[in-house]
Amino acid sequence: MEIRNDWTREEIKEIFDKPVLELIYEAATVHREHNDPSEVQVCTLLSIKTGGCSEDCSYCPQSVKYKTDITVQSLLDVDFVLNKARTAQENGSTRFCMGAAWREVRDNRDFDKVLDMVKGVNAMGMEVCCTLGMLSKEQAQKLKDAGLYAYNHNLDTSEENYDDIITTRTYNDRLETIDNIRDAEISVCSGGIIGLGETNEDRIGMLHTLSTMKEHPESVPVNALVPVPGTPMENQPRVSVWDMVRMIATARIIMPRAQVRLSAGRVSMSMEEQALCFLAGANSIFAGDELLTTPNPEVDQDKQMFQKLNLKPRASFKGAAAEKHFA
Ligand code: SAM
Ligand code: DTB
Ligand code: SF4
């Protein structure tokens with residue numbers, strides 16, 4: 001199947017609304033044409049700067065606007081981070097993602113430290129990813145020069161729903177940073193969260209924006225809200241597995257070569273539910289008992305799941321992103 005960037009909302013809705021088993025079957029078929037379905041990439045996240053963020057993202061425990069039970073932590077030391085990356089690699093991770101609770105990157109000593117972290121992780125032969133908030137073109141170029149492979153910057157929800165979730169920045173700010181990443185030839189990781197009280201139209205809208213970008217994001221994280229006490233989303237009901245499967249399967253069908261990442265929310269999913277997500281085309285997980293600040297399944301539990309489902313952890317630098325990176 002050809003890669004399309006001209007999907008209409010109606011076409012995406014038609015896919016999204018299919019009977020769920022039919023949808024899974026179609027997504028599984030597309031998945032097999034473009035990816036090795038026996039491989040799932042294992043990635044590790046590390047919060048390199050935690051809490052105290054000036055944005056008001058209503059799902060996020062790290063915003064200063066909400067009183068949550070997290071430990072605020074200024075930027076970690078380079079050596080500490082590189083040790084964490086080494087351990088992650090020893091445990092089978094091939095991608096290491098460093099997250100900072102910043103609204104945007106500033107040109108200061110902290111940014112220089114992050115550049116050193118990027119250089120160090122890149123030298124280990126892992127895919128190095130950062131998520132640091134908004135970025136200028138110049139900052140994106142500096143990260144590229146340091147060896148950054150991917151940058152995560154989520155749309156999170158539809159343009160229509162954005163103001164109900166975040167008021168301190170606009171959808172357009174988000175798109176601009178994504179353009180800056182693309183222009184610096186860093187691979188784009190962009191997806192969203194479900195379970196924020198959005199409608200199916202919002203979910204379809206977000207998938208429409210992602211799949212009609214000039215180039216699809218090479219990586220599309222699908223997060224299920226982890227409701228955190230103290231945030232405005234604390235009482236949101238748990239996302240149903242069928243909602244997760246519809247998102248993953250639709251993303252897989254309309255962006256066949258993207259790495260679709262089953263991201264936050266696995267801690268409340270059974271192995272059987274996660275298996276459905278892999279069948280529907282998810283081909284990455286985050287490993288380790290913590291995401292950035294919220295819990296994630298234990299490493300041993302994931303090892304057992306890989307054994308049971310006959311999944312293999314994927315090597316680094318495979319797929320569309322690698323082809324562009326090494327072209
Ligand atoms: N500050 C940067 C930014 O917002 O781009 C990077 C870090 S931020 C924590 C990265 C992503 O984590 C957000 O875009 C959101 O999709 C996800 N996230 C944050 N809190 C979450 C939660 N409680 N449950 C699920 N996903 C969450
Ligand atoms: C993404 O889409 N999911 C990951 C990664 N990008 C940075 C983060 C999920 C964070 C969940 C909330 C937390 O642990 O603080
Ligand atoms: Fe800050 Fe990112 Fe959390 Fe929003 S999601 S409050 S930008 S850390």
Side-chain angles (χ1 to χ4, degrees), residues 43-66 68-73 75 95-106 114 129-135 150-157 162 165-171 173-178 180-181 188-198 206 210 217 219-236 238-239 244 247-248 251 258-269 282 284-297:
C43 313
T44 294
L45 271 173
L46 178 67
S47 183
I48 57 171
K49 185 264 170 185
T50 308
C53 180
S54 61
E55 301 273 35
D56 68 355
C57 313
S58 56
Y59 45 79
C60 185
Q62 302 198 65
S63 163
V64 278
K65 319 270 165 149
Y66 317 126
T68 61
D69 186 22
I70 56 158
T71 312
V72 174
Q73 164 77 60
L75 189 68
R95 186 169 174 114
F96 190 71
C97 179
M98 298 178 279
W102 286 330
R103 175 169 199 274
E104 76 260 299
V105 170
R106 306 235 168 104
V114 172
C129 176
C130 280
T131 181
L132 315 168
M134 292 184 264
L135 272 189
Y151 195 86
N152 166 248
H153 203 65
N154 291 337
L155 293 179
D156 284 322
T157 189
Y162 208 69
I165 307 296
I166 301 149
T167 68
T168 48
R169 60 167 186 252
T170 65
Y171 214 60
D173 289 334
R174 237 28 206 174
L175 293 170
E176 237 171 69
T177 294
I178 294 173
N180 293 343
I181 302 161
V188 172
C189 172
S190 189
I193 312 186
I194 61 170
L196 307 174
E198 72 287 343
M206 183 184 88
L210 292 169
S219 161
V220 178
V222 179
N223 296 281
L225 174 74
V226 182
V228 180
T231 64
M233 295 287 163
E234 63 184 348
N235 293 322
Q236 280 295 317
R238 176 182 180 252
V239 166
M244 245 353 224
M247 268 322 263
I248 290 170
Q259 305 303 317
V260 178
R261 303 191 192 272
L262 172 57
S263 302
R266 284 199 306 120
V267 73
S268 43
M269 293 171 78
S284 160
I285 58 163
F286 287 111
D289 57 10
E290 203 175 31
L291 289 164
L292 292 171
T293 65
T294 64
N296 198 44

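Heavy atoms only: backbone and side chains are in, while hydrogens, waters and symmetry mates are out. No experiment lies behind these values; they were computed from the predicted model shown. Order of appearance sets the numbers: ligands from 1, and atoms from 1 within every ligand.
- Checking only distances, Gln62 never comes within under 3.5 Å of ligand 1, N or O to N or O.
- Of all protein heavy atoms, the one lying nearest to atom 15 (O) of ligand 2 is Thr293 OG1, 2.6 Å.
- Those atoms of ligand 1 that come under 4.0 Å of a heavy atom in Ala224, given as number and element, are 25 (C).
- Neither the backbone nor the side chain of Thr231 comes within contact range of ligand 1; no heavy atom lies under 4.0 Å.
- Less than 4.0 angstrom separates some heavy atom of Trp102 from each of these atoms of ligand 1: 1 (N).
- Shown in contact with Tyr59 at under 4.0 Å from a heavy atom are these atoms of ligand 3, numbered in order with element: 5 (S).
- When hydrogens are left out, the protein atom nearest atom 21 (C) of ligand 1 is Tyr59 CD1, 3.9 Å; that is the closest non-hydrogen contact.
- Of all protein heavy atoms, the one closest to atom 6 (N) of ligand 2 is Asn152 OD1, 3.2 Å.
- Protein heavy atom closest to atom 12 (C) of ligand 2, with residue, atom name and distance, is Thr294 OG1, 3.6 Å.
- Across Asn296, Asn223, Thr50, heavy-atom proximity to atom 3 (N) of ligand 2 is greatest for Asn223.
- Geometrically, ligand 2 and Ser263 share no nitrogen or oxygen pair separated by less than 3.5 Å.
- Looking at Ala101 next to ligand 1, no N or O pair under 3.5 Å apart turns up.
- Here His153 has no heavy atoms under 4.0 Å from ligand 3, in either its backbone or its side chain.
- Of the options Leu292, Asn223, Ile194, Thr68, the smallest heavy-atom separation from atom 9 (C) of ligand 1 is shown by Leu292.
- Counting the atoms of ligand 1 from 1 in the order shown, those under 4.0 Å from a heavy atom of Ala264 are 25 (C), 26 (N).
- Distance from atom 4 (Fe) of ligand 3 to its nearest protein heavy atom, with residue and atom name: Cys57 SG, 2.2 Å.
- The two residues Ser263 and Asn223 come nearest to each other via the heavy atoms CB-OD1, 3.0 Å.
- Asp156 and Tyr59 form a side-chain donor-acceptor contact under 3.5 Å, judged by distance and modelled atom types alone.
- The shortest contact between atom 1 (Fe) of ligand 3 and any protein heavy atom is with Cys53 SG, 2.2 Å.
- For atom 8 (S) of ligand 3, the nearest protein heavy atom lies closer than 4.0 Å.
- The environment of Arg106 atom CZ is sparse: at most 12 non-hydrogen atoms of other residues, nucleotides or ligands sit within 6.0 angstrom.
- Remark: minimum distance from atom 3 (Fe) of ligand 3 to any protein heavy atom is reached at Cys60 SG, 2.3 Å.
- At least one N/O-N/O distance between Leu292 and ligand 2 falls below 3.5 Å.
- Interface atoms of ligand 3 facing Arg169, defined by a heavy-atom separation under 4.0 Å, are 7 (S).
- Under a 4.0 Å criterion applied to the non-hydrogen atoms of Ala101, ligand 3 contributes the atoms 8 (S).
- For ligand 1, the atoms sitting less than 4.0 Å from at least one non-hydrogen atom of Ala100 are 1 (N), 2 (C), 6 (C), numbered in the order shown with element in parentheses.
- Those atoms of ligand 1 with a heavy atom of Arg174 less than 4.0 angstrom away are 3 (C), 4 (O), 5 (O).
- Of the protein's non-hydrogen atoms, the one nearest atom 4 (C) of ligand 2 is Leu45 CD1, 3.8 Å.
- Of the heavy atoms in Asn154, only side-chain atoms (C-beta onward) come closer than 4.0 Å to ligand 1.
- Considering backbone and side-chain atoms alike, Thr294 places every N or O at 3.5 Å or more from each N or O of ligand 1.
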